Protein chains: 2
Amino acid sequence: MPSITRRRTANVGRPTSAEAEILAATQRLLINGANFTELGVQQISTEAGVARSTFYSHFRDKIDLLMRLATELMTSSFDVTSAWDPSDGVERLADAFLQVVKVYRKHAAVRRALAEVATYDATVRDFLSAELNQFTDWTIAVLRAEQDAGRTRADLDPVSATRMIVMGGERALVDHVTAGDPGSDAAFARELALTWWYGVYRRPADYSK
Amino acid sequence: MPSITRRRTANVGRPTSAEAEILAATQRLLINGANFTELGVQQISTEAGVARSTFYSHFRDKIDLLMRLATELMTSSFDVTSAWDPSDGVERLADAFLQVVKVYRKHAAVRRALAEVATYDATVRDFLSAELNQFTDWTIAVLRAEQDAGRTRADLDPVSATRMIVMGGERALVDHVTAGDPGSDAAFARELALTWWYGVYRRPADYSK
DNA sequence: CTATGACCGGACATCACGTCCGGAAATTAC
DNA sequence: GTAATTTCCGGACGTGATGTCCGGTCATAG
């Protein structure tokens, strides 16, 4: 339940010092390898050099904090990807993915926290699905269009293929920026693009056994 | 301290009634859509028709319970997949995947719980990675062998490709059995197999732009 | 009949959450 | 400079879940 007692009326200009401190402290803790679930409000407050009660005058709860963190990285990866069109070819797709990898890597800690909390919290789950659904819908549409144009096999199942592509791709991405070497970003983006391209968009016409 | 003079034959055979009751109750709750994290020991005990203290005389904590549940589904999906060899072709790969889909679907609830808890608990995470690592290691080895034999492109990056394949595949699988229609199991398995096959194993030799 | 082991039903201590206040300190208004 | 307002501190509460412990009941194996 949100506290209504302390209303912040006029802080129009800058975010409160304590609030920014808390956001930063949380990121620091996450980057240091802490996992969000077992991160206590007391810990965060201490790290931020702020009283625990102050935390609650800025955030309803930990989820609220996480969502605040999340909106800060809403540099939509969707835009960069959906700008791509099959007629651009594989290499351009790899370029687009490389950009996405960079974005993910920059916000890896918060990404990880989001994926973590999404498994048991509806709010965060909905936030993430909304983000992924953009990709899903777009991908299905593109695949259907390619099928209609006869450039993608007609017997391909757009829904299953998209599930593999979007869900699987996102997971591989998170795994890559979590465990993979930054030096291999380009190689990874390229593999991702090639797998999509030849596995889905331009799967060969003859299934010779 | 168990008595040595006394034979405990009656207990040796079947698990204690209460223990089995708890395991079953937990599965029931999970299948009904509850998520493991916000499932209380009291809830589980009540559902099992057992005292809360009895829970603790059988399980150290909730994680212990989950791990017990997990080992029951250790019908290794690895065996069925690793039996496949690239020389068997795509269709056989699709068959193997279909079996895996069925296994996942059967234990979907526990699977979901495992994926959920793995994000914040080290024990469960290690359990799952150990399972996935089998696939990862095996897949990398197979890819390298195929490259050496000249049947898979030499410029393919086995590590990145495997990340996409294994991590992505697992996620797509979980997503499919969670949200997908059982009737589309075969279609999904086939898409998965075809994407792997043409996206990775038999990616075309000419990258014409 | 007796001892044993499984289970019940509470009582505890502990801990994190979220709420609420009173007062200090800093900022803004007058 | 003083007064009013906002922000933060520090701590007290109530709540609800965890994990531990223990006395007591009951069925059963010896």
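Below, each value reflects all heavy atoms present in this structure, side chains not excepted, and no hydrogens, waters or symmetry copies. Residue numbers start from 1 in every chain, and the chains themselves are labelled A, B, ... in the order their sequence lines are given, proteins ahead of strands. Computed from a predicted structure; not experimentally measured.
- The pair A/Arg111-A/Glu116 does not meet the salt-bridge criterion, since no charged nitrogen lies less than 4.0 angstrom from a carboxylate oxygen.
- With rounding to whole Å, B/Gln42 atom CD is found 13 Å from D/dG16 atom P.
- Between the side chain of A/Gln27 and the backbone N or O of A/Val110 there is no donor-acceptor pair closer than 3.5 Å.
- Checking A/Asp85 against A/Ser87 by side-chain atom types alone, a donor-acceptor pair falls below 3.5 Å.
- Straight-line distance from the CZ atom of B/Phe59 to the P atom of D/dT18: 15 Å, rounded to whole Å.
- For the pair A/Phe55 CZ and D/dG11 P, the computed distance is 20 Å after rounding to whole Å.
- Checking B/Tyr120 against B/Thr37 by side-chain atom types alone, a donor-acceptor pair falls below 3.5 Å.
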**Item:** Base-pairing string, 5' to 3', of DNA chain C - Watson-Crick or wobble, under 3.5 Å, | interstrand
**Value:** ||||||||||||||||||||||||||||||
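- Among residue pairs with one or both ends in residues 170-182 of chain B, those qualifying as salt bridge (charged side-chain N to carboxylate O under 4.0 Å, His left out) are A/Arg163-B/Asp175, A/Glu170-B/Arg171, A/Arg171-B/Glu170; sequence neighbours excluded.
- In this structure, A/Arg52 places its CZ atom 12 Å from C1' of C/dC20, rounding to the nearest Å.
- Nucleotide C/dG5 holds its C1' atom 11 Å from the NE2 atom of B/His58, rounded to whole Å.
- Side-chain atoms of B/Lys62 come within 3.5 Å of backbone N or O of B/Phe36 as a donor-acceptor pair.
- When each of A/Gly40 and B/Gly49 is assigned the nucleotide of DNA chain C bearing its nearest heavy atom, the one mapping closer to the 5' terminus is B/Gly49.
- Picking from C/dC8, D/dC8, C/dG18 the nucleotide with the shortest atom distance to the side chain of A/Ala18 gives D/dC8.
- Here the side chain of A/Thr54 is nearest to one of C/dC8, C/dC17, D/dC9, namely D/dC9.
- For the residue pair A/Gln42 and A/Thr46, a side-chain donor N or O sits within less than 3.5 Å of a side-chain acceptor on the partner.
- The side chain of B/Tyr56 sits closest to D/dT20 out of D/dC9, C/dC17, D/dT20.
- The NZ-P distance, from A/Lys62 to C/dA16, rounds to 11 Å in whole Å.
- The separation between A/Asp64 atom CG and C/dG18 atom P is 10 Å, rounded to whole Å.
- The nearest whole Å value for the distance from the CD atom in B/Gln43 to the C1' atom in D/dG16 is 12 Å.
- Across D/dC8, D/dG19, D/dA12, the shortest atom-to-atom separation from the side chain of B/Asp61 is found for D/dG19.
- Residues B/Asp185 and B/Arg105 have side chains in contact (heavy-atom distance under 4.5 Å, counting atoms from C-beta outward).
- Within residues 25-32 of chain B, no residue is approached by DNA chain C to less than 4.0 Å at the level of any non-hydrogen atom.
- Taking 4.5 Å as the limit, every side-chain heavy atom of B/His176 sits out of range of all side-chain heavy atoms of A/Met164.
- Distances were taken from every side-chain heavy atom of B/Ser53 (C-beta onward) to each of D/dC21, D/dT20, C/dC17; the shortest belongs to D/dC21.
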